[in-house]
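Positions are given from 1, in the same order as the sequence printed here. Side chains are part of it too, since the values below use all heavy atoms of this structure and drop only hydrogens, waters and symmetry mates. Source: prediction; values computed, not measured.
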Amino acid sequence: MFAENWKISLRQIRRLLILDLFGMSSLMLPGIFTSLTGADGIFCLLLGMAAGAVLLWLMGKNLKHIKTDYYSYMKETAGQFLGDVCMVFYFLYFVTLCGYVLYQLTTLALSWLLPDGSWMEVGLLLLLLAVYGSIRGIEGRARVYEIIFWFLGIPLLLMLVFAMGDVRTAYWTPIVTSDGVQFVQGSLAVLVFLLPMTVLLFLKPFCQKPEKITSSGTVALWTVILMNVLIYLILLGIFGTNAMGVLKRPVITLMGMVKLPGGFFTRQDVLMTAVWVFALFALLNTGIFQSTLILQNLSQKPGNRWSLWLVAVLTFILGKSFFEHSFLIEIFKSYQVFVALPGMFFILVLLLLLHQIRTGRTLQKGGDF
């Protein structure tokens, strides 16, 4: 199961990360900014990118010390118990993320592609496809999305270019009107959507050039933030803050309004929904792969299928729970901001400090000898 001895290139990692980060952020951040900061959402994106760069820097510092894999590094640095606690933390993050992404993906498909379908049928089908993708291994998944990347990216860029003609720059003002609390909340929201970058910590054994793996995260970070800046400026310039506040998914609504030369497509919004369907599906696949990998490490049984099916069952239960009980979505958002986000930074800083202490003791013993 999974990659075994297979390796993926830095280019493939970059494209996987871009898809993982872009789908959910571009779909949800415009609505969050509209309710919190208005035009100041652009500054939230930039500040969130700066915080994401700090997270990436901490990841890079730890990646330099990883000899085999992240779990072994945590056990060597923090001990077996703390290493297991950290892995459980990462498992809870990725499996809850899987459930939320499944909920968003299925809801999106039902809203724009399959209005007569049921959540149970569509959600189960998407989940089984994601499980199949995990069984095929990370290399097969990387190759598929490497091809899909351009089939999705080029039409999206063309649609955004055509949309620029309807932008009213007056809607970009006023700026600097949100208070400090709203500005911080918007910036934290950006950083939350960048947290899937932490999958890089676990990809070193699968990378052809592991010494350069952090650079893939840097390119993905810049690409995703700049794309979100472009999309938000276009959305803000076309709809304005007030109109965008009543739209559930502004970017998909925009896709249906763009006037293409020749009028070849009357429902291009349905066609362009595929961009977000595939991007969210890529994130779901990554979450399932990562959650399963963590369970296998904890159980010390690489390749066992029960971990994969356990993750699939938990994902489906969580996804359906989000669909049926909206209050769970608010709990999940609070968990992301107050538990997952600080926890990611805390673990990385703690590991660096413990590694420095351990290295210092080793050097001292060597000097005494």
Side-chain angles (χ1 to χ4, degrees), residues 8-30 32-33 37 39-64 97 142 145-161 163-164 172 183-184 186-204 207-237 251 275-276 278-280 282-283 286 336 341 344-345 348:
I8 57 177
S9 66
L10 294 174
R11 183 186 66 252
Q12 291 171 326
I13 291 177
R14 283 196 300 269
R15 291 175 183 176
L16 278 173
L17 274 179
I18 290 171
L19 286 173
D20 288 346
L21 299 177
F22 173 76
M24 190 72 78
S25 61
S26 60
L27 199 63
M28 302 190 67
L29 281 177
I32 293 173
F33 291 154
T37 62
D40 293 342
I42 300 301
F43 303 117
C44 293
L45 281 166
L46 297 178
L47 185 60
M49 182 180 70
V54 174
L55 177 64
L56 199 57
W57 178 79
L58 290 172
M59 290 164 56
K61 288 292 185 181
N62 280 281
L63 281 165
K64 289 180 180 179
L97 179 65
Y145 283 110
E146 187 176 19
I147 297 172
I148 291 177
F149 181 83
W150 292 113
F151 280 99
L152 300 180
I154 292 175
L156 175 61
L157 289 174
L158 287 175
M159 294 290 281
L160 293 176
V161 169
M164 288 180 183
W172 293 350
F183 190 76
V184 170
S187 302
L188 288 176
V190 176
L191 187 54
V192 163
F193 286 109
L194 296 177
L195 287 183
M197 283 194 307
T198 53
V199 73
L200 283 176
L201 294 165
F202 299 86
L203 288 184
K204 192 169 184 177
C207 184
Q208 291 177 353
K209 297 180 180 179
E211 69 280 0
K212 297 182 179 180
I213 192 172
T214 309
S215 63
S216 298
T218 302
V219 174
L221 175 65
W222 275 92
T223 302
V224 169
I225 292 296
L226 291 178
M227 284 296 296
N228 272 288
V229 167
L230 176 62
I231 288 173
Y232 193 64
L233 285 175
I234 292 175
L235 289 173
L236 197 62
V251 68
V275 173
W276 284 271
F278 279 110
L280 291 179
L283 180 56
T286 295
Q336 289 269 301
L341 180 57
M344 294 290 187
F345 280 90
L348 293 173

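- Shortest non-hydrogen contact noted between Cys44 and Thr37 is SG-CG2, 3.8 Å.
- Rounding to the nearest 0.5 Å gives a distance of 8.5 Å between CG of Leu348 and CE of Met344.
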Intermediate values then yes/no, side-chain contact (heavy atoms from CB on, under 4.5 Å), Ile231 and Phe22: CA-CA 11 Å; Ile231 288 173; Phe22 173 76; 3.7 Å; yes
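- Interatomic distance, Ile225 CD1 to Leu46 CG, rounded to the nearest 0.5 Å: 8.0 Å.
- For residues 17-29, every residue pair satisfying the side chain to side chain donor-acceptor pair (under 3.5 Å) rule, not counting sequence neighbours, is listed here: Asp20-Thr286, Ser25-Asn228, Ser26-Trp276.
- Here the CG-CZ distance, from Leu283 to Phe278, works out to 15.0 Å after rounding to the nearest 0.5 Å.
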Checking Gln336 against Leu341 for the side-chain contact (heavy atoms from CB on, under 4.5 Å) test, could you report, in this order, the C-alpha distance in whole Å, the side-chain angles of both residues, the deciding distance, and whether it holds? CA-CA 6 Å; Gln336 289 269 301; Leu341 180 57; over 6 Å; no
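- Between Phe33 and Tyr232, the two ring planes are perpendicular [angle over 60°; tilted spans 30° to 60°].
- Here Leu191 contributes atom CG and Leu47 contributes atom CG; the two are 9.0 Å apart, rounded to the nearest 0.5 Å.
- Within 6.0 Å of CZ on Phe202 lie more than 12 heavy atoms contributed by other residues, nucleotides or ligands.
- Without hydrogens or angle criteria, Trp172 side chain to Leu233 main chain gives a donor-acceptor distance under 3.5 Å.
- When every heavy atom of Ile13 is checked against every heavy atom of Cys207, the shortest pair comes out as CD1-SG, 3.7 Å.
- Side-chain contact between Ile8 and Gln208 is absent, with no heavy atoms from C-beta onward closer than 4.5 Å.
- What you find for Lys204 and Ile213 is that their closest heavy atoms are N-CD1, 4.0 Å.
- Within the 4.5 Å cutoff, the side chain of Leu156 has heavy atoms near those of the Met227 side chain.
- Of all non-hydrogen atoms in Met49 and Val190, the two that sit nearest each other are N-CG1, 4.4 Å.
- Leu194 places none of its side-chain heavy atoms less than 4.5 Å from the side chain of Leu55.
- Residues Leu188 and Phe183 are not in side-chain contact: their nearest non-hydrogen atoms beyond the backbone lie 4.5 Å or more apart.
- In this structure, Ile42 and Val229 have side chains that are in contact, with non-hydrogen atoms separated by less than 4.5 Å.
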Identify every side-chain donor-acceptor pair in residues 215-224 under 3.5 Å, counting partners at least two apart or on other chains, and give the distances.
from: Ser215; atom 1: OG; to: Lys212; atom 2: O; distance (Å): 2.5
from: Ser216; atom 1: OG; to: Leu10; atom 2: O; distance (Å): 3.3
from: Thr218; atom 1: OG1; to: Thr214; atom 2: O; distance (Å): 3.3
from: Thr223; atom 1: OG1; to: Val219; atom 2: O; distance (Å): 2.8

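- Between Met164 and Leu230 there is a side-chain heavy-atom pair separated by less than 4.5 Å.
- Counting heavy atoms from C-beta outward, Phe345 and Leu58 have side chains that approach closer than 4.5 Å.
- Pro196 and Leu17 make their closest contact through O-CD2, 4.4 Å (heavy atoms, listed as atom of the first residue, atom of the second, distance).
- Inter-residue side-chain proximity for Leu21 and Phe193 is flagged as unmet; no heavy-atom pair is nearer than 4.5 Å.
- A pairwise comparison of heavy atoms in Met197 and Met59 identifies O-CE, 3.1 Å as the closest pair.
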